[in-house]
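Here is the structure we will look at.
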Protein chains: 2
Amino acid sequence: MPLSASFPDLTALDLYASVVELGSLGRAAKMHGIAQPSASSRIRNLERQLGVTLLTRSATGSIPTPEGIVVSGWTDAILRAAHDLEAGLEALKAEQSGRLRIAASYTIAEYLLPGWLGRFSREHPRDTVALDVENSTHVLAELERGEADIGFIETPLETPSMSEVIVAHDQLVAVVPPDHEWALREAVDMTELAQTPLVMREQGSGTREALEQALHDAGHGLPVSVLELGSTSAVRSAVLSGNSPTVISRLAVASELRDGLLVEVPITDLKIERDLRAVWPTGKPLPKLAQALLADLT
Amino acid sequence: MPLSASFPDLTALDLYASVVELGSLGRAAKMHGIAQPSASSRIRNLERQLGVTLLTRSATGSIPTPEGIVVSGWTDAILRAAHDLEAGLEALKAEQSGRLRIAASYTIAEYLLPGWLGRFSREHPRDTVALDVENSTHVLAELERGEADIGFIETPLETPSMSEVIVAHDQLVAVVPPDHEWALREAVDMTELAQTPLVMREQGSGTREALEQALHDAGHGLPVSVLELGSTSAVRSAVLSGNSPTVISRLAVASELRDGLLVEVPITDLKIERDLRAVWPTGKPLPKLAQALLADLT
DNA sequence: AGAGTGGCATAGGCATAGATCATAGCTATG
DNA sequence: CATAGCTATGATCTATGCCTATGCCACTCT
C-alpha cells in the first residue's frame with residue numbers, strides 16, 4: 001500500500017534531527033546550508049504534515065516536546081536507513097578504478113554491507129569503494145579474474161585457491177503471518193513443508209537451491225510454489241500481506257520477527273545454516289584496504 | 001552529518017517500490033493516483049539523483065535491473081521505517097476519544113509499538129488507537145485514572161491492583177565503538193565501569209536509574225557522565241561518533257550491533273534484564289480491542 | 001494481416017511549494 | 001539598558017512537478 005500522500009520530505013526529517021541535536025533552528029539551518037527562515041518554515045510544515053507539535057521554541061533556542069522526542073526516535077530509524085542507502089549507492093556507483101573493489105551476493109549486499117561501508121568510509125574518507133552485486137559463482141569468478149579485491153558469499157567453497165573467513169551467520173527459517181494456521185503449531189515436519197505451496201524466489205536463486213537441497217537430502221521431493229518472485233523483499237512483502245509460508249533468510253525478516261509481524265515456524269530436523277564469508281584469492285596479498293575492512297568485521 | 005542535498009523524495013522511492021511490485025510504470029502510477037507521465041518523470045528523476053539505472057523499460061512493462069534489485073532492498077528498509085513512523089503518528093495524534101487508548105514508556109514506544117500498531121491497524125482497520133508516551137509511573141497513573149486501556153512498561157510492579165503479562169525482553173548492555181580500547185577486551189569489571197566516564201541519559205531516566213541501582217547494589221558509587229543527553233537516539237549517535245562507552249537498551253542498538261558499528265562489552269556480574277510488560281487494572285475487564293492487541297503479542 | 005490493447009516517452013501550459021531578504025519581537029547577559 | 005542570539009512574518013521570485021494530448025512500439029486476438 002502506498003505511503004500517505006502528505007508524507008514529509010526526508011530533508012525535513014533530517015533538518016529536524018539536526019535541530020534536536022543542535023538545540024536551535026538557526027544552527028541547524030546553517031549546517032544544512034539554508035537560511036534560517038527556510039528552516040523555520042520547513043519545520044512548521046513538518047509539524048503541520050505530521051499533525052504534532054515537535055518543538056517548544058523560545059528566545060533561547062528550540063527543544064523537542066515530549067511528542068517530539070518520540071517522533072525523533074522514529075525519524076532517526078528512517079534516516080539511518082537512508083544513510084545505508086547512500087553508503088550502498090556510493091559504492092555501487094563507484095568506477096571500477098576505485099581503490100577497494102568488493103563483490104558480494106544479494107543477501108549480504110542488501111542487509112549487511114551498507115552498515116559496514118558506512119563505518120568504513122567514515123574511517124577511510126579519502127578512499128572509494130566499488131561494489132558489484134552478483135550471485136556466489138560470479139563473485140568467485142570476479143575474484144579469479146582480479147576484478148574484485150574481496151568477495152562476500154553465503155555458500156561454503158572447496159577450492160584451496162581461495163582463502164576465507166566467516167564474518168557473520170545466517171539461517172533459513174520458515175515464517176508465516178501470525179494469523180496463519182502454522183503460527184500456533186509447536187513444529188511442522190518436513191513432509192508437510194514439502195507438500196505445502198510456498199512463496200518462493202525464482203528457480204536458481206541461492207535461497208531456493210539451499211531449500212531444495214535440504215529437502216532432497218531428507219528424501220523429499222521439490223517444494224511447491226504458490227508464487228515466484230524475483231527478490232527477497234518481494235517475497236517478504238507477499239508473505240506479510242498474504243497467507244502462505246515461505247522459507248527465507250533470517251536477516252531479511254529480523255525486524256518483522258522482532259515486532260511479531262511474522263512468526264517463525266520450527267521445521268522438524270530442518271536446519272539450513274549459512275556462514276557468511278569473506279573470500280579472496282589465496283595467492284595474491286590482500287590489499288591494505290581490504291585488510292582494514294576485514295579487521296572491522298572480525 | 002546531513003543527508004546528501006539531492007536525496008530522492010520518499011514518494012519517489014515509494015513509487016519505485018510499487019513499480020517493482022507491479023511490473024509497470026502505468027499501474028504503479030494508477031495505484032498512487034497520479035498520471036502515467038508523472039510516474040515516468042519521477043522515476044527518471046530518481047534514477048538521475050541516485051546515479052543508477054533502476055529499470056529496463058520495454059513495451060511489455062518495466063522490470064528492475066540487477067542494480068535496481070539491490071537498491072530496491074535498501075529502499076524497502078527506508079519505507080518500512082517510514083510506515084512505522086506513520087503507524088506511530090496515527091496513534092499519537094488520535095483523539096482521546098479513540099477506542100483503544102495505549103500508554104507506553106519511551107523505549108517500547110520507539111522501538112516496538114510502531115510495528116505492533118501497523119499490524120494491529122491492518123487487522124482492525126475501522127478502529128483507532130491513541131498513544132500516550134510517558135514514563136512508567138505516569139503510565140500506571142493513567143491506567144488508574146481510567147485514561148488508558150492498556151499500558152506498556154519496562155519495570156516490574158508490585159501492586160496487586162494491576163495485572164501484567166510479559167510481551168518482550170530487553171537488556172541493558174555496555175557498548176563502545178569498535179575502535180575503542182574496550183572493544184577487544186574479554187570483559188570489563190564493574191569497578192572500572194563505575195569509574196569510566198559514560199555517555200548517559202539525563203538524571204531520572206529509567207535507563208540511568210536502572211544502571212545506578214545495579215552499581216549501587218554491587219557496592220559501587222554513582223557512574224560518571226562525560227555527556228548527558230535527553231533521548232536514547234541522541235545517546236546512540238554520540239557513542240557512534242565519539243569515543244566513550246554507554247550503557248543502553250539492547251533494542252536501541254540492535255542494528256548497530258548486528259552491523260558491527262557498535263561492539264558489546266560484557267561487564268562482569270552486571271546483568272540488567274528488563275521484561276517488557278503489558279499492564280492493565282485488575283478490576284475492570286480488559287476491553288475487546290486491548291485483548292486483541294495482547295493476543296497478537298503473546 | 002489488421003485492429004486493438006497496454007506500455008513508455010515527449011512537449012507545453014499551469015499551479016504551487018519553497019527559497020531568499022528584510023524586518024520585527026522576544027529573552028538573557030553584561 | 002544596550003547588545004547578541006533566537007524565532008516568526010510578509011513580499012517576491014524561481015523552479016519543480018503535475019496534467020493533458022500525442023506519438024511510437026510490442027504483443028495478441030480476430
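Throughout, protein chains are lettered first and strands after them, A, B, ... in sequence-line order, and every chain is numbered starting at 1.
- Heavy-atom distances under 4.0 Å link DNA chain D to A:R57, A:S58, A:A59 of residues 45-59 of chain A, given in residue order.
- In this structure, B:R42 and A:P37 both approach DNA chain D, and ranking their closest nucleotides by distance from the 5' end singles out A:P37.
- Distance, B:L22 CG to C:dC8 C1': 16 Å, rounded to whole Å.
- Within 4.0 Å of A:A35, counting heavy atoms only, lie sugar-phosphate atoms of the nucleic acid but no base atom.
- A side-chain donor-acceptor contact under 3.5 Å links B:R42 and B:T11.
- Nucleotides of DNA chain D with any atom under 4.0 Å from a heavy atom of chain B span, from 5' to 3', D:dG17 to D:dC27.
- Here the rule is ring-ring contact (aromatic ring centres under 6.0 Å, His included) with B:F152, and of B:W116, B:Y111, B:Y106 only B:W116 fits it.
- Annotation: of the two residues near DNA chain C, B:S24 and A:A39, the 5′-most nearest-nucleotide partner is B:S24.
- In summary, A:R57 and A:E47 engage in a salt bridge, as defined by a charged side-chain N under 4.0 Å from a carboxylate O.
- Residues A:I102 and A:L117 form a side-chain contact, since some pair of their non-hydrogen atoms from C-beta on lies under 4.5 Å apart.
- When each of B:L229, B:T232, B:L211 is checked for a side-chain contact (heavy atoms from CB on, under 4.5 Å) with B:R201, only B:T232 meets the rule.
- For the side chain to side chain donor-acceptor pair (under 3.5 Å) test, residues two or more places apart in sequence or in another chain that qualify with B:S225 are B:E228.
- Defined by atom type and a distance below 3.5 Å, a donor-acceptor pair is present between the side-chain atoms of A:S58 and A:T60.
- Looking at heavy-atom distances under 4.0 Å, A:S38 makes contact with a base.
- B:H138 is listed as a side-chain neighbour of B:N135, based on a closest heavy-atom distance under 4.5 Å.
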